[in-house]
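Everything numeric here is computed off the predicted structure, so don't read it as measured data. Starting from 1, each residue takes its place in the sequence as its number.
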Amino acid sequence: MRKISPWTLWTLNLQVMTSLLAEVAPRIRALRLEIKEFLLLSKLDEHPNPADLARALMTPKPSVTFMVKRMEKVGYLRRELQPDDLRRFRLTLTPSGRSAMESAREIFDQEFGRRLSRLTQAQRVQLMRIFERMAEPIETSVSKH
């Protein structure tokens, strides 16, 4: 059995994601969304504060601000002052924003589903377990020199 390096696995994963993104991008754009904007909308219920959203998306705050302004202009989200802290905004999806986000999610489901259809149900379960395991935080110990 050949040795499989972490780099090889990482690049294969990137290849799968890159090909998926290339496949879905035109259909997502037809919904007046870029991929990053779709991801922003998909995290909005969980992270309604722009700063929290930037952390969750691992995206610079100015980039999130730019996307929020564009999504607000398109009518996909609302920005409201939080009553308990007038310096902070709460972002909420509008009905048309939720519809666009759900349509984009369906596009991803269809295309990723096509790739998953190459696997047996047992392989899908195994893949899910692998992803869940890899998503767990890694315990790190700080060594003192």
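- By the neighbour-count criterion of 12 heavy atoms within 6.0 Å, atom CZ of Arg90 is sparsely surrounded, having that number or fewer from other residues, nucleotides or ligands.
- Considering all non-hydrogen atoms of both residues, Ala104 and Ile28 come closest at CB-CD1, 3.5 Å.
- In this structure, Asp109 CG and Glu102 CD are separated by 11.0 Å, a value rounded to the nearest 0.5 Å.
- Ser63 contributes no side-chain N or O that, together with a main-chain N or O of Thr59, makes up a donor-acceptor pair within less than 3.5 Å.
- Residues Gln110 and Arg105 have side chains that never bring a donor and an acceptor to within less than 3.5 angstrom of each other.
- For the pair Val68 and Phe89, the minimum side-chain heavy-atom distance is 4.5 Å or more.
- A salt bridge links Arg114 with Glu111: at least one charged nitrogen is closer than 4.0 Å to a carboxylate oxygen.
- Residues Leu91 and Pro50 have side chains in contact (heavy-atom distance under 4.5 Å, counting atoms from C-beta outward).
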Exercise. What do the steps show when you test Met17 against Phe112 for side-chain contact (heavy atoms from CB on, under 4.5 Å), and what is the final call?
Worked result: CA-CA 9 Å; Met17 292 301 107; Phe112 195 59; 3.8 Å; yes

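- Note on Trp7: it clusters hydrophobically with Leu14, by side-chain heavy-atom contacts below 4.5 Å among ILVMFWY residues.
- By the rule that hydrophobic residues join a cluster once side-chain heavy atoms approach within less than 4.5 Å of another member, Leu12 and Leu116 end up as members of separate clusters.
- Under the 4.5 Å side-chain heavy-atom criterion for Ile, Leu, Val, Met, Phe, Trp and Tyr, Leu127 and Leu9 are members of distinct hydrophobic clusters.
- When all heavy atoms of Arg32 and Met71 are compared, the pair lying nearest together is O-CE, 4.0 Å.
- No side-chain heavy atom of Met101 sits less than 4.5 Å from a side-chain heavy atom of Tyr76.
- Shortest non-hydrogen contact noted between Ser96 and Gly75 is OG-O, 3.0 Å.
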For this session: Mind running side-chain hydrogen bond (donor to acceptor under 3.5 Å, both in side chains) on Ser5 and Thr8 for me, showing each step along the way?
Result: CA-CA 5 Å; Ser5 74; Thr8 300; 2.8 Å; yes

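- Ile4 and Met134 fall into different hydrophobic clusters, where Ile, Leu, Val, Met, Phe, Trp and Tyr residues are linked whenever their side-chain heavy atoms come under 4.5 Å apart, directly or through other members.
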Which pairs of donor and acceptor atoms, one on a side chain in residues 38-47, lie under 3.5 Å apart (sequence neighbours left out)?
{"unit_1": "Ser42", "atom_1": "OG", "unit_2": "Leu39", "atom_2": "O", "d": "2.8"}
{"unit_1": "Asp45", "atom_1": "OD1", "unit_2": "Arg98", "atom_2": "NH2", "d": "3.0"}
{"unit_1": "Asp45", "atom_1": "OD2", "unit_2": "Arg98", "atom_2": "NH1", "d": "2.9"}
{"unit_1": "Asp45", "atom_1": "OD2", "unit_2": "Arg98", "atom_2": "NH2", "d": "3.3"}

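- A distance-only check finds no donor-acceptor pair linking the side chain of Thr94 to the backbone of Arg78 [under 3.5 Å].
- Of the possible donor and acceptor atoms, none in the side chain of Ser117 sits under 3.5 Å from a partner among the backbone N and O of Arg115.
- If you chain together hydrophobic residues whose side chains sit under 4.5 Å apart, Leu20 and Val16 fall into the same group.
- Summarising the local packing, CD of Glu80 is surrounded by more than 12 heavy atoms from other residues, nucleotides or ligands at distances under 6.0 Å.
- Nearest heavy-atom pair, Lys61 versus Ala51, reported as atom, atom and distance to 0.1 Å: CE-CB, 4.1 Å.
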For this session: Kindly determine whether Phe108 and Leu21 satisfy side-chain contact (heavy atoms from CB on, under 4.5 Å), including the steps that lead there.
Result: CA-CA 9 Å; Phe108 268 93; Leu21 291 174; 3.8 Å; yes

For this session: Mind running side-chain contact (heavy atoms from CB on, under 4.5 Å) on Leu31 and Ile107 for me, showing each step along the way?
Result: CA-CA 11 Å; Leu31 298 169; Ile107 292 167; 3.9 Å; yes

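- Separation of atoms CZ (Arg29) and CD (Glu37) is listed at 10.5 Å; rounding is to 0.5 Å.
- Between Glu136 and Arg133 there is a salt bridge, since at least one side-chain N of the basic residue sits less than 4.0 Å from a carboxylate O of the acidic one.
- The shortest side-chain heavy-atom distance between Val74 and Leu33 does not fall under the 4.5 Å cut-off.
- Without hydrogens or angle criteria, Gln126 side chain to Gln123 main chain gives no donor-acceptor distance under 3.5 Å.
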